[in-house]
Amino acid sequence: MIHLKNITKSFNNKIALNNLNLKINSGEIYGLLGANGAGKSTTINLLLGFTKADNGEIKMIDSNDESKIEKDRIGYIPENVNLYPYLSGIENLDYFSKIANLNFSKKQLEDTLVNCGLEKDSTQKLISDYSKGMRQKVGIAIAYAKNAKIYLLDEPASGLDPYSSNELSLILKKLKDQGSTILMASHDIFRVRETCDKIGILKSGVLVKEMYSKDVTSKQLEKLYLDFMKN
Amino acid sequence: MFTIFKNEWKAFLRNKLFLFFSVFFISLLIVTTYFGIIQNNQQIQNQKSAQEHMRKQWEEMGPYNAHSAAHFGTYAFKPNSILSNLDEGVNAVTGIVLRLEGHKQNDVAFSEASQSIFVSQFGKFKISLLFQFIIPLLLIFFSFNIYTSEITSGRLKLLIVQGNSFSKIIFAKIMTLLSFAALLFIISILFQLLFNYNQIGWEQIFRLSIFLIAYLLYYLIIISFTVLVSLIFKNNTSALSLTLICWFLWTIFLPKTIGSFTENLTTQPSRFSLQNSMDEDRAKGIDGHNPEDKRIKDLEAKVLEEYNVDSLSQLPINFYGILLQADEEYGNKVWDKHYGKLYSNLIEQKKHYQLSGIINPFASLQSLSMAASGTDLIHHLDFLNKAEIYRRGFIKALNHEYTYGDFKIDGGNLSSSDFFKSINDFNYIELSIQKNIFKYFTDILFLILWTIILLLIIHNKTKKYLINE
């Protein structure tokens, strides 16, 4: 579970997040919608510990035993998963696992990649030959391999073709079903509506609206979002 | 950290451009080292031949006047050690052969002419040129973006999220580059040793260790400095430009400027004025070749009194030998006075120059590189001093023979060839760096200080990865 309480963050006297309150339960995908500069990436950076909040409290708790989730159980998938181009998919996963002090057999690594949606034949290919969608899958596999409890995705569907984007949704839903807590920051209203259980609209660092995706259609969500952006 | 280190090496080895470049550069190093060894061995052989030739001349010297033999003189050869081809140091400027003769002390002359065509056009192509200028430049080009490339690609966040500290990632990358530099360096040294393994003793091992440590510290400074600049500016262009400017300042501008400054601190007389002052002082002494000199008359009276005779013809010895030795000793005092000051000034200048290592680590590297190769000013002055001590003994022996010799050969004061055979050659024993390491204390200290300070600043700047914008 992720819980952000009264979070305020400013950079050079410019407010990036203003009294943000956000709760994402375990086994839930939360979609954070917002324009560029709305504070989506800042929220993710706060959760990753790459920046410090000026005020407020952040809690990341494992709902199973109420224990604090440590940094090594957080998976991060950026907009562009720029892996090492001279390594194959399996070698990248092996490397990122090893630096997290995890050692897997070749079979385990291959299974992880296939579980995360990569074709078995592709696992041996160099990353330089991968499409963006394939790299995203390796990114998810890296988080999955370390048994991440929390997945933070920053614009993961950006630049993906509809098929890959749909595949991504399916993988995230699979992870959700396994009890993971997922925060997905995006511009893509349709993808967020399709993938997420709960949606928040962030405008200039303020969470202006929260809703369950089942309560709105894509059309309604788009209208709502555009209205908030206009005002 | 080792995993990152291993991965960086994998990146190097899978990068075709890097591989091509490395193979080309290693080949260049090997070829340069090889030609350096050939040239050095040739020089050692030439010196040996010249020394044998000189020896033969003395061995074959028939009945001859000992004083004429002092004028005939001999040569002291500054021996090339097996390491002197690594860094030629001051040898290129000072020369390697010193003519030793009676009455006067000469300057070292005859630097090797084998590369004179290259010298006039490109500067001398020695392995030290690659070690001191090209490898650091390579390291700058390889390290200026190791931080920024990880930032712009977003990989740095991924690596940190995997549980690595920012500091560990940066240090692993620094160590990878250092190991690359060390590899290039060690290949050259091993190649050098391959050709001279039978001449390696503890002294050479100690010298090579200093050589290795000094260069590795300097390379670590270059890499750390470049990385630090990129950490501060977070921009490839700024990092590369600023580091190249510093490289230029360190290697070209500051050595010249500080060199001129230290020369001004302890000014040396010009060759002309030094010679004039020496001539003036010399004129106050005995002129062994001028029988009208008053001081000769005084010495003559003293010797006659000592032997209790009335005229030089009654002396059982050759008075002119005593006269020439007295002249020689006076000349030595004049030389000691002027050249002693000159040499102590040179040492002072070197000490001042060594202090510049606090702002220019290249100065410390150069000093240690030349010291380890046995080609710096301290080694050169040691050679000159030992050659002068030999010259004095050599001339004294000839004058002694000229004075007290048992001249049985017809035709005047002619000494036998056995006497000339008994004169030993100058055999220079190189300064022991182990016993003189304290003279390079500031160089070692500054290189270590630069390294520690840069690494501490980098550690401090990479303690935590924080985004501030």
Side-chain angles (χ1 to χ4, degrees), chain A residues 9-14 16 37 41-42 44-53 70-88 91-103 126-128 135 138-143 145-146 148 150-152 154-155, chain B residues 1-22 142 145-177 180 231 234 236 460-469:
Chain A
K9 174 71 189 172
S10 54
F11 296 108
N12 304 321
N13 296 323
K14 199 181 163 213
S41 295
T42 304
I44 288 180
N45 283 334
L46 278 165
L47 292 167
L48 289 169
F50 291 148
T51 192
K52 294 260 174 259
E70 296 298 334
K71 291 267 155 49
D72 60 356
R73 285 298 171 89
I74 299 174
Y76 168 62
I77 296 103
E79 181 178 351
N80 287 304
V81 182
N82 277 316
L83 302 162
Y84 291 96
Y86 50 84
L87 298 179
S88 66
E91 284 175 324
N92 263 291
L93 178 58
D94 185 37
Y95 172 62
F96 278 95
S97 300
K98 274 185 179 144
I99 58 173
N101 294 320
L102 298 166
N103 275 302
L126 289 182
I127 286 289
S128 52
R135 291 204 308 269
V138 180
I140 293 170
I142 290 169
K146 65 176 184 178
I150 291 174
Y151 287 79
L152 303 171
D154 199 353
E155 308 284 1
Chain B
M1 192 153 126
F2 183 67
T3 313
I4 301 172
F5 177 84
K6 229 168 70 180
N7 186 55
E8 291 295 316
W9 263 106
K10 209 180 261 181
F12 283 165
L13 298 174
R14 289 191 183 179
N15 183 332
K16 284 185 184 130
L17 186 69
F18 178 86
L19 271 184
F20 170 78
F21 205 67
S22 300
F142 285 142
N145 66 348
I146 61 169
Y147 162 68
T148 44
S149 69
E150 294 292 357
I151 285 276
T152 48
S153 68
R155 267 197 306 261
L156 186 63
K157 277 186 179 180
L158 278 178
L159 289 167
I160 295 172
V161 166
Q162 287 305 97
N164 276 276
S165 72
F166 183 24
S167 184
K168 221 193 246 180
I169 296 164
I170 293 294
F171 279 110
K173 282 171 177 284
I174 289 175
M175 287 305 144
T176 311
L177 281 171
F180 171 68
L231 279 169
K234 298 183 174 75
N236 281 346
N460 194 46
K461 279 202 85 65
T462 56
K463 255 198 285 195
K464 191 139 179 66
Y465 177 67
L466 284 175
I467 298 165
N468 293 315
E469 56 192 37

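Residue numbers begin at 1 in each chain, while the letters A, B, ... track the order of the sequences. Just so we're clear, the structure is a prediction, and the values are computed from it rather than from any experiment.
- In terms of heavy-atom proximity, B:R14 sits nearest to A:Y86 at NH1-O, 2.8 Å.
- For the side chain to side chain donor-acceptor pair (under 3.5 Å) test, no residue two or more places apart in sequence or in another chain qualifies with A:S97.
- Closest non-hydrogen pair, A:L83 versus B:R155, comes out as O-NH1, 3.1 Å.
- Minimum interatomic distance between A:K98 and B:T3 (heavy atoms only, all atoms of both residues): CB-CG2, 3.7 Å.
- For A:I77, no part sits under 4.5 Å from any heavy atom of chain B, backbone or side chain.
- Across B:S153 and A:N82, no two heavy atoms sit closer than the pair O-ND2, 2.8 Å.
- Between chain B and the residues A:L87, A:L102, A:T42, the largest count of heavy-atom pairs under 4.5 Å involves A:L87.
- B:F2 meets the side-chain contact (heavy atoms from CB on, under 4.5 Å) test with B:F5, B:K6; sequence neighbours excluded.
- The environment of CZ in B:F18 is crowded: more than 12 heavy-atom neighbours from other residues, nucleotides or ligands sit within 6.0 Å.
- A 4.5 Å side-chain heavy-atom check between A:Y95 and B:I4 finds at least one atom pair inside the cut-off.
- For the atom pair OH (A:Y76) and CD1 (B:I160), the distance works out to 11.0 Å, reported to the nearest 0.5 Å.
- A donor-acceptor pair under 3.5 Å is absent between the side-chain atoms of B:Q162 and the main chain of A:I99, judged by distance alone.
- Only the side chain of A:E91 comes within contact range of chain B, with heavy atoms under 4.5 Å apart.
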